[in-house]
Chemist: 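Here it is, the structure in full.
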Amino acid sequence: MSKFTEKVLEVVNKIPKGTVASYGQVSLIAGIPRAALQVGWILHQYGETTPWWRVINNAGRISTKCIEHHASLQKKHLEAENVKVTPKLKIDIEKYRWRPNPNELKKLKLDEKYLEEVLNTYSL
DNA sequence: GCTATGACAAGGA
DNA sequence: CTCCTTGCCATAG
């Protein structure tokens with residue numbers, strides 16, 4: 001298991017119940033911007049130990065296609081946490097977006113440049 | 001080390 | 001809003 005993989009799982013595990021994050025957001029916080037695709041790949045493999053359903057794409061859509069992790073299952077998980085999902089699998093991501101607080105981010109030992117980007121993009 | 005692949009992102013049509 | 005194209009980058013083989 002690579003460093004990046006561990007980081008991704010760590011980050012996903014920090015996503016609070018009832019909130020969601022985009023793949024890009026997770027990859028950035030995990031230390032590698034634009035590795036969103038890999039995040040999806042990792043969740044596909046290690047999803048059993050992480051709240052994978054709290055990660056969706058930036059367009060606010062559920063994009064899993066795989067059989068075991070079907071979109072309807074993800075929808076079910078989210079609605080169980082009070083996150084509304086339309087019949088078309090659309091979510092108001094900005095409304096439920098996880099906005100990590102600076103103190104929490106420091107524990108992840110994120111590089112200065114990325115930390116700043118995270119705060120600018122996803123924090124208040 | 002090189003190519004193909006993908007639960008993505010962003011911008012244009 | 002939806003569909004398509006490009007850019008991305010860690011893994012697998």
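Every value quoted in this text rests on a predicted model; they were computed, and no experiment measured them. Values below: all heavy atoms of this structure, side chains included; hydrogens, waters and symmetry mates excluded. Chain letters run A, B, ... following the sequence lines, proteins first, then strands; residues in each count from 1.
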Chemist: Given A:V11, which partner from the list A:L108, A:L28, A:V39, A:V55 fulfils the side-chain contact (heavy atoms from CB on, under 4.5 Å) test?
Modeler: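 When A:L108, A:L28, A:V39, A:V55 are each tested with A:V11, the side-chain contact (heavy atoms from CB on, under 4.5 Å) holds only for A:L108.
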
Chemist: When you get a sec, tell me which of C:dT11, C:dT2, B:dA10 is the closest nucleotide to the side chain of A:N58?
Modeler: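 From the listed options, B:dA10 comes nearest.
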
Chemist: When all nucleic acid strands are considered with a 4.0 Å heavy-atom cut-off, which category describes A:S27: base, sugar-phosphate, or nothing?
Modeler: nothing

Chemist: For the side chain of A:Q38, counting heavy atoms from C-beta on, which of C:dT11, B:dG6, C:dT2 is nearest?
Modeler: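 When the side chain of A:Q38 is considered, B:dG6 is the closest of C:dT11, B:dG6, C:dT2.
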
Chemist: How many whole angstroms separate atom NE2 of A:H44 from atom C1' of C:dT11?
Modeler: 13 Å

Chemist: Just one of A:V20, A:I15, A:V26 clears the side-chain contact (heavy atoms from CB on, under 4.5 Å) bar with A:W98, so which one?
Modeler: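 Running side-chain contact (heavy atoms from CB on, under 4.5 Å) over A:V20, A:I15, A:V26 with A:W98 returns exactly one hit, A:I15.
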
Chemist: A:I32 side chain: which of C:dA10, B:dA9, C:dT2 is closest?
Modeler: C:dA10

Chemist: Between C:dC8 atom C1' and A:Q25 atom CD, what is the distance in whole Å?
Modeler: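 Going from A:Q25 (CD) to C:dC8 (C1'), I get 18 Å.
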
Chemist: Check the distance between C:dT11's P and A:R34's CZ and give it to me in whole angstrom.
Modeler: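 That distance rounds to 17 Å.
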
Chemist: Starting at atom OH of A:Y46, determine the distance to atom C1' of C:dT11, rounded to an integer number of angstrom.
Modeler: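 Interatomic distance, OH of A:Y46 to C1' of C:dT11: 10 Å.
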
Chemist: Without decimals, in angstroms, what is the distance between A:W41 CH2 and B:dA4 P?
Modeler: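 Checked: the CH2 to P distance equals 19 Å.
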
Chemist: Measure from CD1 on A:I62 to P on B:dA9 and round the result to the nearest Å.
Modeler: 13 Å

Chemist: Applying a strict under-4.5 Å side-chain criterion to I, L, V, M, F, W and Y, I'd like to know whether A:I93 and A:W52 cluster together.
Modeler: yes

Chemist: Is there a donor in the side chain of A:E81 and an acceptor in the side chain of A:W53, or the other way round, less than 3.5 Å apart?
Modeler: yes

Chemist: Report the nucleotide, chosen from C:dT2, C:dC8, C:dT11, that has the shortest atom-to-atom distance to any side-chain atom of A:T5.
Modeler: C:dT11

Chemist: Below 4.0 angstrom, N of the basic side chain to O of the carboxylate: do A:K14 and A:E104 qualify?
Modeler: yes

Chemist: To the nearest Å, give me how far apart CD (A:Q45) and C1' (B:dG6) are.
Modeler: 12 Å

Chemist: For the side chain of A:S2, counting heavy atoms from C-beta on, which of C:dT11, B:dA7, C:dC1 is nearest?
Modeler: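 Looking only at side-chain atoms, A:S2 lies closest to C:dT11.
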
Chemist: Output yes when at least one side-chain N/O atom of A:R61 is less than 4.0 Å from OP1 or OP2 of C:dT2, else no.
Modeler: yes

Chemist: Nearest whole Å is fine: how far is C:dT11 C1' from A:K3 NZ?
Modeler: 18 Å

